[in-house]
Amino acid sequence: MGTSVNGRRAYIGSFTTAGGLGITTAAVDPESGALTPLYSTDAVPNPSYLAPSPDGRHLYAVSETPDGAAAAFALTARGPELLAPAIPVDGADPTHLTLADGRLITANYSSGSVSTLPVRDDGTLSGPATVLAHQGSGPRADRQEGPHAHAVVPDPSGRWLLSVDLGTDSVRSCALGTGDGMLTVHAEARLRPGSGPRHLAFHPRGDRAYVINELDPTVTVCRWDAGRGVLTPLGETLLLPGGAAEGSAAEDSARSGGGTRGSGTFPSELVLSRDGRFAWAANRGHDSLAVLSLGASGDTATLVTTVPCGGHWPRDLALHPDGRHLYAANERSGDVTWFTVDPATGIPVRTGSVQAPAASCVVFG
């Protein structure tokens, strides 16, 4: 099916243990961005996060369960078809995955580790997994008693893998292309204690990165040095109306262990526009999308406004490859809403929704 990711199909991941359908395939209207569900498969439990292969032939999914696994699907005219039984990742509750260096890599939340599985030429996965265990903790005893790897993101140069850990308030960088598939920590960027970093997105230029924090509703702007493999935090922006996350407010939050601002709001995902002018963040609890204007240098992120996400508990946010439409996977209201983005202001306008029980992510193929 196709030779590249073109955005004609959307794939919606969900939690089958919460009533989700597994992976739902939907057609994407090229003008309106509307989704029309076509087919669903529950071949693996809790395929909460998905990643298409660059050539558009395969789709990969985590199985977010205590035993933890990952699965490979062939993308057919009908939809994803499981290629082989899921492979254990030797980590608990894998919540995110990526393809890099000829391998599939997962972030395992509950075990606080990162697992690597080789990808064969035919797209199938092989094991056993190679596991890098994170170490450390944070000030929030209820959420940071130990490491909780939440995202794995290759940098634009292809030389490094960045692992975002909510439990240790840090982002680790590991070298890719070593030949043996082993990941070792090269550098570790420390973020503000209690912030709970969850996901990371790179600026299109590749020299800045933005970390969305779950435990205190902020985004941390960072400088990325691909030559040295070093991430350097530069500043923070609050993702809710009511003031910047700087100065005494940030200090008070850090002293109290974080989470003092926007109580009941837990950001989940951040995406950037293709030209690097805007970023959008999903706020669970507040049930909004935060619109951020990025400075020309990429060193600042200014909150422009927030708009309702159109549902409840937006777990994921995705930008269509054409850059015109934004999609929110609203886990608790069981739907995916889509928005048309104003190219001048970056403000998304809700234009439709479709039912998707226990939706957890949206990707395109």
Side-chain angles (χ1 to χ4, degrees), residues 1-2 5-30 32-53 56-65 70-82 86 94-99 106 151 199 268-271 280 282 284 287 289 309-322 324-340 348 350-365:
M1 176 185 170
V5 175
N6 52 41
R8 292 186 300 223
R9 294 282 181 93
Y11 302 98
I12 304 168
S14 65
F15 288 97
T16 56
T17 54
L21 302 177
I23 302 172
T24 296
T25 301
V28 183
D29 185 282
S32 68
L35 301 183
T36 302
L38 302 172
Y39 167 75
S40 294
T41 174
D42 59 359
V44 297
N46 291 351
S48 64
Y49 204 86
L50 311 172
S53 63
R57 297 173 57 196
H58 300 100
L59 184 73
Y60 297 89
V62 298
S63 180
E64 190 174 339
T65 62
F73 294 79
L75 288 178
T76 70
R78 184 184 186 196
E81 292 187 359
L82 187 65
T95 189
H96 193 258
L97 81 168
T98 192
L99 295 164
T106 67
H199 278 201
S268 60
E269 183 62 289
L270 179 84
V271 295
W280 302 276
R284 293 173 299 175
D287 289 342
L289 306 183
C309 70
H312 180 34
W313 211 251
R315 184 180 177 90
D316 189 41
L317 193 61
L319 185 68
H320 189 272
D322 69 11
R324 295 187 297 149
H325 298 103
L326 195 63
Y327 297 78
N330 300 311
E331 181 184 355
R332 295 186 180 175
S333 56
D335 50 48
V336 173
T337 52
W338 56 88
F339 303 77
T340 299
R350 183 178 180 272
T351 49
S353 68
V354 67
Q355 288 189 339
S360 54
C361 85
V362 179
V363 300
F364 300 96

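Along the sequence shown, residues carry numbers from 1.
Here the closest heavy-atom approach between residue L35 and residue A26 is recorded as CB-CB, 4.1 Å. Counting all heavy atoms, side chain and backbone alike, Y327 lies closest to G33 at OH-O, 2.6 Å. Here the closest heavy-atom approach between residue P47 and residue V44 is recorded as CD-O, 3.5 Å. Closest of all the heavy-atom pairs between P314 and R284 is O-CG, 3.1 Å. When all heavy atoms are compared, the tightest approach of N330 to G310 is ND2-C, 4.0 Å. The two residues P94 and S48 come nearest to each other via the heavy atoms O-OG, 4.2 Å.
None of S360, P80, C361 except one satisfies the side chain to side chain contact (heavy atoms under 4.5 Å, CB included) rule with L50; the exception is C361.
Side-chain contact check for L326 versus V271: some heavy-atom pair is nearer than 4.5 Å. Counting heavy atoms from C-beta outward, V363 and L59 have side chains that approach closer than 4.5 Å. Using a 4.5 Å heavy-atom threshold, the side chains of V354 and P37 count as touching.
R9 places a side-chain N or O within 3.5 Å of a backbone atom of A77 that can act as its donor or acceptor partner. The main-chain N or O of G7 is found under 3.5 Å from a side-chain atom of H320 such that the two form a donor-acceptor pair. Distance alone, capped at 3.5 Å, is enough to place a donor-acceptor pair between the T337 side chain and the C309 backbone. One N or O on the side chain of R324 and one on the backbone of P30 form a donor-acceptor pair closer than 3.5 Å. Formation of a donor-acceptor pair under 3.5 Å by the S14 side chain with backbone atoms of G22 is found in this model. Judged by distance alone, the side chain of S353 and the main-chain N or O of V336 form no donor-acceptor pair under 3.5 Å. At distances below 3.5 Å, at least one donor-acceptor pair connects side-chain atoms of D316 with backbone N or O atoms of V362. Y11 places no side-chain N or O within 3.5 Å of a backbone atom of G79 that could act as its donor or acceptor partner. When atom types are taken as modelled, the side chain of S63 and the backbone of P45 share a donor-acceptor pair closer than 3.5 angstrom. The closest donor-acceptor contact from the side chain of D29 to the backbone of S32 lies under 3.5 Å.
Ring geometry for H96 against Y49 counts as tilted: the plane angle lies between 30° and 60°, on a 0 to 90° scale.
Donor-acceptor pairing under 3.5 Å is recorded for the side chains of T24 and S40. For the residue pair H312 and D287, a side-chain donor N or O sits within less than 3.5 Å of a side-chain acceptor on the partner. Judged purely by distance below 3.5 Å, without hydrogens or angles, the side chains of T16 and N46 pair a donor atom with an acceptor atom.
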Legend entry - Criterion side chain to side chain contact (heavy atoms under 4.5 Å, CB included) on F73 and E81, from CA distance to verdict: CA-CA 5 Å; F73 294 79; E81 292 187 359; 5.7 Å; no

- Apply the test side chain to side chain contact (heavy atoms under 4.5 Å, CB included) to residues W313 and S333: give CA-CA distance (whole Å), side-chain angles for both, the deciding distance (0.1 Å), then the verdict. CA-CA 7 Å; W313 211 251; S333 56; over 6 Å; no

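Put simply, OG1 on T25 and CZ on R78 are 9.5 Å apart, with the number rounded to the nearest 0.5 Å. Interatomic distance, CZ of F15 versus OG1 of T65, reported as 11.0 Å (0.5 Å rounding). Separating the CD atom in Q355 from the CD1 atom in I12 is a distance of 11.5 Å, to the nearest 0.5 Å. Taken to the nearest 0.5 Å, the CG atom of L319 stands 5.5 Å off from the CH2 atom of W280.
In summary, E64 and R315 engage in a salt bridge, as defined by a charged side-chain N under 4.0 Å from a carboxylate O.
Between H325 and F339, the ring center distance fails the sub-6.0 Å criterion.
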